[in-house]
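Protein chains get the first letters and strands the later ones, always in sequence-line order, with residue 1 at the start of each. What you are looking at is a predicted structure, and each value in this text was computed from that prediction instead of being measured.
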Amino acid sequence: MEALKIVDPSLLGLTSEQYSSLGPYLWVVGGSLLAMIFAVVPFIPARISVVCIAIASLIGAVVSAAHQITADRTDLFAGMMVSDGYSAFFNILFLATAALSILASVRYLEKQKLEYPEYYVLMLFSTFGMMLMASTLDLISIFIALEIMSLSAYVLVGFRRNDRRSNEAAMKYFILGAAASAILLYGTALLYGSTGSFLITDILARVTTKPELMTPAYHLGGWLVIVGFLFKVAAVPFHMWMPDVYEGAPTPITGFMTTGIKAASFAAFVRVFISLGYGKDIEAAIGGRLHDVLWVIALITMFFGNVIALTQTNLKRMLAYSSIANTGYLLVGMIAAPHSEAGYAPILMYLATYTVMNLGAFSILSVLSGKGDTNLNLHDLSGLARRHPWLSFAFAVFLFSMAGIPPTAGFASKYYLFYSAIQAGEIWLVVLAVLCSVIGVYYYLRVIVYMYMRENEGLEKFAVPALAAFSIAMMVAMTLQIGILPSKMIAVTKKVVAKL
Amino acid sequence: MEWLNTHLLTALTFLPLAWAVAGMAIPGRFSKHWTLAGSLLLFAVSLKLYYGFDPHGAEFQFAESVEWIPGLGVNYLIGMDGISLWLILLTTFLMPIVVLSSYNGVEDREKEYYTLLMALQTGMIGAFVSLDSFLFYVFWEAMLIPMYFLIGIWGGKDRIYATMKFFIFTMVGSLLMLVAIFFLAYQHKMQFGSFSTALVELYKVRLDGSGFLSTQSLLFLAFALAFAIKVPLFPLHTWLPDAHVQAPTAGSVILAGVLLKMGGYGFIRFAFPLFPQAVVLYQPTFLVLGSVAIVYGAWVAMVQPDMKKLVAYSSVSHMGYVIIGLFSLNAIGSTGAVYQMLNHGISTPALFLMVGMLYERRHTKEIKEYGGITKVMPLFAVAFMIATLSSVALPGTNGFIGEFLILLGAWKANPGLTVLAATGVIFGAVYMLWMIQRVMFGPLTNEANKKLKDLSLREIVVLAPLMVAIFWMGVAPNFFFRKMETSITRLVDRTAKAGAVAVALKGER
Amino acid sequence: MLKWIPLLPLIGFTINGFWYALIQCRPGAKKAGATIPGLIATLAIFGAFLISVKTFLELKGMPAEGRFVEQHLFNWIHVGDLDLKMALRVDSLSTLFTLVITGVGTLIHLYSIGYMSHDATPGKFFAYLNLFCFAMLMLVMGSSLPILFLGWEGVGLCSYLLIGYWYEDLEKAKAGKKAFIANRVGDLGFLLGMFMIYTHFGTLEFTKITELLARGDFIAAISPAAITATCLLLFVGCTGKSAQIPLYVWLPDAMAGPTPVSALIHAATMVTSGIYLVSRLNGLFSLSHTAMMTMAVIGGLTAFFAATIAIAQNDIKKVLAYSTVSQLGYMFLACGVGAYTAGVFHVITHAFFKALMFLGAGSVIHGMHEEQDILKMGGLRLKMPVTFVTFLVGWVAICGLPPFSGFFSKDEILWNAFASPHGSKLLWVVGAVTAAMTAFYMTRMFYLTFMGKPRFDESKMGGAHDSHAAHGHDDHAGHGHADHGHAPQGVHESPATMTIPLVVLAILSIVGGFIGIPHMSWLEEWLEPVIPAHDPATFTAGHTTEYLLMGVSTLIAILSIAYAWKTYTNLKEASARKARHAKLHETLEHKWYVDEAYESAVIQPIYEMSVKLWKNVDVAVIDRVVLGFGRVSEWTGQAARTAQTGSIQVYAVMILIGLALSLGYLVRGF
Amino acid sequence: MNTENLVAPWVVQSFCAMIFFIGLSGVLVRRNILVILMCVELMLNAVNLSFVAYAHQLQDMGGQMAVFFIIVVAAAESAVGLGLLIAMFRTLKTVDTDEIRLLKE
């Protein structure tokens, strides 16, 4: 073998603006480490200190990430990582998700007697994993970021140690997560084998220049990577783990997972999707059929997500299936993105509004849930509107938004998504999506029926914690604001996607 | 005040909502007076609209345009013409009556009740004034939420089934309309280079309207489905009786008075001008459906045991007239259809209010529970008789003008079907008079009916404006036609021109 | 000046109406007497009568062709090319009708003050009566078909309100409903006829239609079938309103209303509106021979058919009702054979003597304390002399004995049926036979009521509110108003306010015939501008046969009167004959079971059909389909849900299957 | 270095594929979670081998480098996996996947 190529030393040094673009990541890592330390400091009550550090680091990260959106693209670590508008947008999304989940879980953990500070540390680690996923261009580092995020998530799911359901959920999530990561990895290996590079941008470049590289191994590898991601976002044939895990996990964690982890998976999925050349001319060999497969997967995801949610009485499981249905709508966006003028912007917007809605709903659920996540069934909610008018109003807004009824954000993002899908010529898919969402309207409204129209024999009155109330109120405001004036959000997503 | 003159329609649309939100601060007991004051104020403001509207002026007046979602070519574009003028006035005219009628009808959660009523009014007026198809869709859906809660919370026994059915039914139709709106906007981009959902822009979009399943026909069917559900047209009407029977009096008055007109208005504003060839192609189908709706509605109404359901099915029959009026595609038929919408918005609410009054006294809507009411409630009997005459279309009342013009217009379009539709005149008399005979006349057998009190002053004030309107619209219809004539001729010309094209196409194929 | 004719009754209606609604309806309002509202109503209609007389005189002064007065009130509907004006127009034809309506109306209003003295809500009654007069006047004075239609349905409404006036009795309310719906069926035909006219003539104004009818080229352009169809549709409207064969069933039941109502509406005015319509559009009708022929045949048939039923009726008002149906049949027979003037002439004379007899019957019933069955009457000539004499005049007039009005008008019709180009011998035979039967049943009724020995026990009569439960009685079940006001008191003559109208009408019945004496009839010359007279050349027979026929019809009348008089002198013999052909008598008594036939053939099937429609189509089909979608998605949801077994293995297998399937498709694309 | 007696690349790759699918089927079939964890490790190592094979074939150090990352991650993964297993065992007293059927439908 000829002499090993020596790595060029200049790559390791960081220029000043590279350094600033790493700001958000440093804040989060610093925050998590500091939190770990303070967790064991004897005389300060761990609970307060860890939470404050976590929130402080998140806010710092958000501030520094905000600069990145406008800043132009800077490559880091020899192209393995990039800090552009796209990754900044997602970073802000993840940081907001983490902050709001922490706000919701402070009082929740107290109520459930689970006040172990590691909760917040793991949360920060997982957020860091997500941020990495949104900004790496290297397949291996995507795998590593995925594992950082997932491992902390496995533990968070199993956080209620002595509860059988929580353990079972964690175990299921772990086994199937590990298997899926292995599948993803094997796909990476095959891609590496056939194109010789890990950087997804290089893979694209090499494949476009030398089409003969697209051997069957390349296609198998590409598909295995896609399947790995489809598992993570819980598209239908690969969704079976999700409802059990969501039901078993503590409620704020379920909220964190439905929004954060799904958004991160989609962020990475979009980058890989582009790199596989889907939609460009080279996809002729695989493209025609890839489109049909994705079309079918999107349809069955939407259909089964909505239909099974119809039969659920447990709210967490119902929202799990509704999240599967939303994955279906996002897949419609993915299919339509290359051919429509708006590109991937609608997906970003949908993910943002979806996060706000679901986080709001889950914060309310974590406020409502009793010891060990009991009384989260439909009939526990009956007559809620009489006892907690404002809480049920907030929940109604989120549900209307999920159902896609105007003046809410859900409607604006769904409209934007279907609008671009029609431009891509997927008319019949949109018609089917619209009909599936009608099924969705039924079970979202059924919850409102229980809250407003049933007699008052649900759970008795209880105090709504201030922190949770604040975060819920903020999310309601955001849902209505995006719903009524969506143009700002659409402009941001369009600008961000333009430089992808 | 200056702002008010230039932005009258925006003020008219959002005043009720603002008023309701302001009303939050008021203790529950006074919210009804507050809402009544608000609705009367709104009626006054809408009269300003009447005087400001110049029938021979521009097609859409009091227009306002503000950019809303530039990325998708959606802007907040509102305006009104002769037809929507009268529908807005009908809404603002009915609202004070509705509020006054539910004074002692509603006890629990009064504040939410009146807030929802005002929010409903915002949705309705918004839908009537919006000239941007996306904005129309937003108001069209936003209108459903208050009605959903009104029926669901203050409704009758199985209100949840009724309100859910009402919501999902309308939702299916309107979602398909939304897809059609997207497609239209996309076609506009293909043909004119920029996205736009504004109505005036979409009029310019050229669509292939040749066959029954051409793009224009499919789009027309998507719009027509949403509006046919709302009208409701014969096969899609089953949500109406349930919604009416379970809704509180105020809810069913507004539902019958204004929400059903949304379907008809939708046809006039969107389906007809956007897809003229498809309208001509599907004219016979809708004429048949309309006539069947008339006879079917009348026949099924005849055998209803429950008064409210009877009146609900009578609405199906009356709105069947509107459909054949619209689809007769000539000035007389269309004017008759618009006028019939206004009549129906006066006579059916009157009937519902009175059934509500009986319900408030006896807590039952079953016809067999009543009999010989005239003896104890003579004034009520007079009012009920007048409302029946209007709904039976007796000359001199508003019903006659509507039905006469519609049947005359439909006769020009398709004489055979008009005979079938005209039989509705007989069956209309049959089910109404039979109901009156079983409720009003006959011996006073039921003990409970003996103690019924006649109309209180409040109830008289509620019914009086409707009674006056019935006769005024019957004797002096020109007062109403003057303002809407040019708008209707524009509507008819556009479809007639396209009709000629379609006929030519059909001819040479 | 013209607008005051309909306006005065309208004002009367509003005064009485509001007075009743606002004062009498208040709970605990004291019971109002009949005189004040009665006076208001009578004055209103009397004022209208004076103005119509003034108009008549005005018209007399005008030259023949310009003989009309017009007044434009306001334009009613202006839509597209349809421009309807609310305008009144009185020409020679409609002035006659206004005179009859207001004249007879005033007499009847006066009469009902007395008749309704014991009623609980006289205000309401007189309000409805005035509203009726307003509607009837609008009908005859309207300048266009829609205004005529406005009056047309207005009178239908008033007849509904007045028939069901005593709404407490369900039978009466049902009768009201039946009347309105039967009229509505007719109105449907009228409506469609109007549309035909509008589409073919482009206008609904009478003046413009008559102009177009005059233009030969215009008429040639329209297909004869269209004209016949229009005429037949309009005729369907007439059968509904003027109670001809298919739709006459409501008139006998309309007797449930108070007697003045029967007199005014169901004898003198409303039922004749059909004749007014036909004679107003005589130009159109005479264009289509088939339409004329159907009208004549149906008219003849109705006359004959109703006469047969009248023979077997025992209720005094029912007899008169069927006789009205029969006389209307005569009028349509006249119009059918082209003799519109004869039809109008018979309308006028019939208004006089039929109103007279109805009021007479009313006075009998009032005197006999609500007894309507003629078998329980008899010998009233001594108790009620004025009623007796006036009723005698009415009876003789209707039988058609020479000097009386009935003779001239009926004979004119029979002559035209016989000799006019559109007529036929058969029609004359039917007319003659019916005339015989008319004389028979009229004599039967007259004799049983007034002659012979009284067949009632006077002592039981006239006690405290004796509300008999007898079938079809207009019992005075006033709202619990105390007693009859005076001690049990025998059969008494009616008070002055009731007898004066009787006398006036009797005089009119005698004098009425002289306006239409054959060959020098003032009426024919008067109606010339509206109804072109027949030129005698086209007649199939000369004067001699005319006079011969006159003799024959008088002879027939006298013979059947004598025959009836003889049979009913001894009741036993009459009842024996009735027993002999009992079955025929029984069918006649049950009105040939027509009502039952309608019930089973039309009403019952529609009722069952709508129940089926509701139960099967609405609930079973549409709802099930709608809910079906929900159920299907629910079912698939349940099915898919059970796949979620919870075991990791199953989940992993699902992943693998998903992977394998998609890979297979990707690689080979099955 | 003569290359003629070396193993053909597709042989190595198919070998790795075989191991990978053995590991995958192990995860599907076996009931005991410990065995499942081992099978996951097997899958990861199969990927390692294929990485090394490709690295050699492409003469590029990237593959070799990736193996280290994978080994680190696999270690972390199994640590967490075993931790969760112990926690589960403490409550459910079993490691059999058939037992953990609490969350279903």
Side-chain angles (χ1 to χ4, degrees), chain B residues 165 168-169 235-239 241 296 299-304 330-332 335-336 372 374-375 378-379 382 385 389 392 394-396 400-401 404-405 407-408 411-412 415 418-419 422-423 425-427 429-430 433-434 436-437 440-444 453-454 475-478 481-482 485 489, chain C residues 17 20-22 24-27 74-82 86 121 124 146 149-154 156-157 160-161 164 167-170 172-174 176-177 180-181 184-185 187-188 191-192 194-196 198-199 479 606-607 609-611 613-614 617-619 622-623 626-627 630:
Chain B
K165 186 173 181 180
I168 303 288
F169 229 109
L236 309 164
H237 65 287
T238 47
W239 62 273
Y296 177 85
W299 278 21
V300 174
M302 203 180 345
V303 288
Q304 293 303 330
N330 51 43
I332 293 179
T335 322
T374 321
K375 194 158 179 315
L379 209 57
V382 169
M385 180 57 76
L389 297 185
V392 151
L394 193 92
F400 170 71
I401 311 282
F404 178 73
L405 292 178
L407 291 176
L408 188 56
W411 182 267
K412 281 189 179 166
T418 318
V419 173
T423 54
V425 164
I426 304 171
F427 299 127
V430 166
L433 293 184
W434 192 19
I436 280 207
Q437 180 208 310
M440 290 294 159
F441 299 143
L444 195 59
K453 292 191 310 310
D454 202 344
V475 172
N478 270 352
F481 291 154
R482 258 205 321 279
E485 208 170 343
T489 32
Chain C
Y20 165 73
L22 297 185
Q24 280 208 320
C25 284
R26 304 304 326 138
F74 54 91
N75 48 38
W76 185 22
I77 304 175
H78 174 63
V79 172
D81 48 13
L82 175 72
M86 186 67 83
T121 56
K124 183 164 86 165
F149 189 67
L150 182 100
W152 191 272
E153 290 230 355
L157 166 72
Y160 163 71
L161 294 173
Y167 53 81
E168 305 250 343
D169 171 357
L170 207 56
K172 294 187 167 45
K174 278 207 179 83
K177 172 165 74 68
F180 191 85
I181 290 168
R184 247 322 163 66
V185 175
D187 296 351
L188 171 65
L191 207 60
L192 297 179
M194 260 202 293
F195 294 155
M196 289 284 278
Y198 183 72
T199 34
H479 321 281
I606 288 185
Y607 180 82
M609 182 60 177
S610 30
V611 170
L613 267 185
W614 175 34
V617 172
D618 219 54
V619 173
I622 300 180
D623 259 355
V626 165
L627 298 181

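Aromatic ring pairs are classed by plane angle as parallel below 30°, tilted from 30° to 60° and perpendicular above 60°; the pair Trp434(B) and Tyr607(C) is perpendicular.
Residues Pro235(B) and Ile622(C) approach most closely at O-CG2, 3.3 Å, considering heavy atoms. Thr199(C) and Lys412(B) make their closest contact through CG2-CG, 4.4 Å (heavy atoms, listed as atom of the first residue, atom of the second, distance).
Counting heavy atoms from C-beta on, the side chains of Tyr20(C) and Pro378(B) come closer than 4.5 Å. Between Ser610(C) and Val303(B) the shortest side-chain heavy-atom distance falls below 4.5 Å. Taking the side chain as every heavy atom from C-beta outward, Tyr160(C) and Leu389(B) never approach each other to under 4.5 Å.
Listed options Val425(B), Val382(B), Thr418(B) were ranked by heavy-atom pairs under 4.5 angstrom with chain C; first place goes to Val425(B). Among Ile606(C), Asp187(C), Leu191(C), the residue making the largest number of heavy-atom pairs under 4.5 Å with chain B is Ile606(C). In terms of heavy-atom pairs under 4.5 angstrom with chain C, the leader among Ala422(B), Ala301(B), Ala476(B), Gly442(B) is Gly442(B). Per-residue counts of heavy-atom pairs under 4.5 Å with chain B were compared for Ile181(C), Val626(C), Leu82(C), Asp623(C); the largest is that of Asp623(C). Among the candidates Met440(B), His237(B), Met302(B), the residue making the largest number of heavy-atom pairs closer than 4.5 Å to chain C is His237(B).
At a 4.5 Å heavy-atom cutoff, the contact between Met194(C) and chain B is made by side-chain atoms alone. Neither the backbone nor the side chain of Thr489(B) has a heavy atom closer than 4.5 Å to any heavy atom of chain C. Within the 4.5 angstrom heavy-atom criterion, atoms from both the backbone and the side chain of Val611(C) approach chain B.
Taking the six-membered ring where the residue is Trp, the centroids of Phe149(C) and Phe404(B) are separated by 6.0 Å or more.
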